[in-house]
Amino acid sequence: MVVVVAVLLALGSIAFTLIVRGKDVPETPAISPTAHLEQRKAQIYENLRDLQFEYRLGKLSDQDYQKTKVDLQRELAKVLAEIDAVKPQAPVKQAAVAAPASKAKPGSTKCPHCGATFAQALKFCGECGKAMAS
Ligand SMILES: [Zn+2]
C-alpha cells in the first residue's frame, strides 16, 4: 500500500512538473511570418511622415531631409523585398490543404444509383435522392 501511494505521488509530481514546464514554454505566436516585417514597414512609413512634418516645420535642412528620406526609403525597400520573399510560402500551404478536397470530388459528383452527374459534389443525389457514396 505504501509503495502504491509513493508511486502515485511520484507520478503526480512528474505530471505537475510537465504541466508547469508546458506553461513556461513561450507559446509560438500564430501570426504570419511577415508580421514583424509589416510592423517594421509601418514604422518606416511613420518615420517618413514625421520626417516630412519636421521638414515642413523648418526643423530640418534640405540636405538632412533628403539624406534621411533616402535612408528610410532604402530601408523600406529592403523590408518590402523581405516581405515578398516570405509571402509566397503561404499560398503553397493553402494549396496543399485544398488539394485533398478536389481529389474527393470526382467520386461523389456521379450518382452510383441512377448515374446522374452533377457539377459539384453532393451528399445526396439530386435526381433519385439516394446517398452519393463515392
Ligand atoms: Zn441518383
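Counting starts at 1 for both ligands and their atoms, in listed order.
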Kindly list each side-chain donor-acceptor pair under 3.5 angstrom involving residues 48-57, sequence neighbours excluded, with atom names and distances?
residue : atom : partner : partner atom : Å
Tyr55   : OH   : Asp62   : OD1          : 2.5

Can you list the residues that meet the side chain to side chain contact (heavy atoms under 4.5 Å, CB included) rule with His113, with sequence neighbours excluded? Cys111, Cys128, Lys130
Is there a side-chain contact (heavy atoms from CB on, under 4.5 Å) between Glu127 and Phe118 once you walk through the steps? CA-CA 10 Å; Glu127 287 296 320; Phe118 303 96; 4.0 Å; yes
Side chain to side chain contact (heavy atoms under 4.5 Å, CB included) with Phe124: which residues, sequence neighbours excluded? Ala131
Considering non-hydrogen atoms only, spot the tightest contact between Val79 and Arg40 and give its length. CG2-CG, 3.7 Å
When you compare the side chain of Val86 with that of Leu37, does any pair of heavy atoms fall below 4.5 Å? yes
Under 2.8 Å from the Zn ion (ligand 1), which protein N, O or S atoms are there? Could you list them by chain and number? Cys111 SG, Cys114 SG, Cys125 SG, Cys128 SG
